[in-house]
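In this chain, residues are counted from 1 in sequence order.
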Amino acid sequence: MGRRHQVRATKCQLLVTSLFVTLLGLAVTILTIITRYGAHFIIISGVSSEANPYRIFHDIAFYSGICLSMILVLAALLSTVATVRESVCLMAMGFFCFAIVFCALIQAAFWKYTNNSEVEDAMMDVYDSVYEEVRRNLSSFRRQELATIHETFLCCGKQSPFGETGGIENETCPSEHMGTAREVYGMILTSFLWFSIHFSNNLDRKGKYIFRET
């Protein structure tokens, strides 16, 4: 009698774990879709040049996230069916999927450690190229793109250590009258960019980035 209760409790734990893994897979899917089609990422990807690797990083993040979410959902499904049917084969397949996810996370952590600032540099290079073209008055279309970047990321250009560049900021900075909800939304989605700019150790940037409250 006691053994039956233990088996039943173990099954319940496995089913609950499978449910949380399914929710995790769905969360990864939602985050991946936001990363792919979010306005902040679309803008940077749209203005990046062919030589800039940001688009490659963007595509890799999207496809990797989709694959990871599919594997998580598949592992949860296999574990659920294996628990209900008490199938050793299906349970082994579920654990194999979890092993794949674990190896992928180890690989991602290793890449993050060895290439700590590549994505940040690529994004900053995109902004620098647009900003410099606007500063040289090479393209009116670039000026509109820079204004869109400033409005979306709630930022206000950068200040050169060799002199003020207030003209560009006055023309491309977002309006002071913006909704509180939009401000909170932008701050959440771009918090990683804010920390990258303020805590970056790169010294080869052409000026200091300025974030102002709106």
Result for side chain to side chain contact (heavy atoms under 4.5 Å, CB included) between I30 and one of T32, V28, I34, I33 points to I34
Q. So does K11 pair up with E86, basic N to acidic O under 4.0 Å?
A. yes
| task | Verify side-chain contact (heavy atoms from CB on, under 4.5 Å) between Y127 and L146, making sure each step is shown before the conclusion. | result | CA-CA 8 Å; Y127 181 83; L146 183 63; 3.6 Å; yes
Using the rule that two of Ile, Leu, Val, Met, Phe, Trp, Tyr join whenever any of their side-chain heavy atoms come within less than 4.5 Å, decide whether I71 and F96 are in one cluster. yes
Check: Are F62 and I44 linked, directly or through other ILVMFWY residues, by side chains that come within less than 4.5 angstrom of each other?
Finding: no
**Request:** Measure centre to centre between the rings of Y63 and H58, then say whether the value is under 6.0 Å.
**Result:** no
All heavy atoms of N115 vs all of E118, minimum pair found to be OD1-OE2, 2.6 Å
The reported gap from OG1 in T148 to CZ in F153 (rounded to nearest 0.5 angstrom) is 11.0 Å
- request: Check the pair T80, L15 against side-chain contact (heavy atoms from CB on, under 4.5 Å), reporting the backbone distance first and the verdict last.
  value: CA-CA 6 Å; T80 301; L15 291 176; 3.8 Å; yes
Residues pairing under salt bridge (charged side-chain N to carboxylate O under 4.0 Å, His left out) where one sits in residues 15-30, two or more places apart or in two chains, turn out to be none
The side chain to side chain contact (heavy atoms under 4.5 Å, CB included) partner of S45 among M123, R36, R55, H40 is R55
CD1 (I100) and CZ (F95) are apart, to the nearest 0.5 Å, by 14.0 Å
V21 and V73: same hydrophobic cluster, using ILVMFWY side-chain contacts below 4.5 Å?
no
Discussion item. For S48, is there any backbone N or O sitting under 3.5 Å from a side-chain donor or acceptor partner on N52?
Written reply: no
Side chain of S69, backbone of I66: donor and acceptor closer than 3.5 Å? yes
* To do: Kindly determine whether H150 and Y131 satisfy ring-ring contact (aromatic ring centres under 6.0 Å, His included), including the steps that lead there.
  => CA-CA 11 Å; H150 287 169; Y131 189 93; 7.1 Å; no
Self-check item: Donor-acceptor contact present, side-chain R142 to main-chain V47, <3.5 Å
Solution: yes
Assigning hydrophobic clusters by single linkage (Ile, Leu, Val, Met, Phe, Trp, Tyr; side-chain heavy-atom cutoff under 4.5 Å), is L90 placed with L77? yes
Problem set entry | Heavy-atom neighbours of M93 CE exceed 12 at 6.0 Å | no
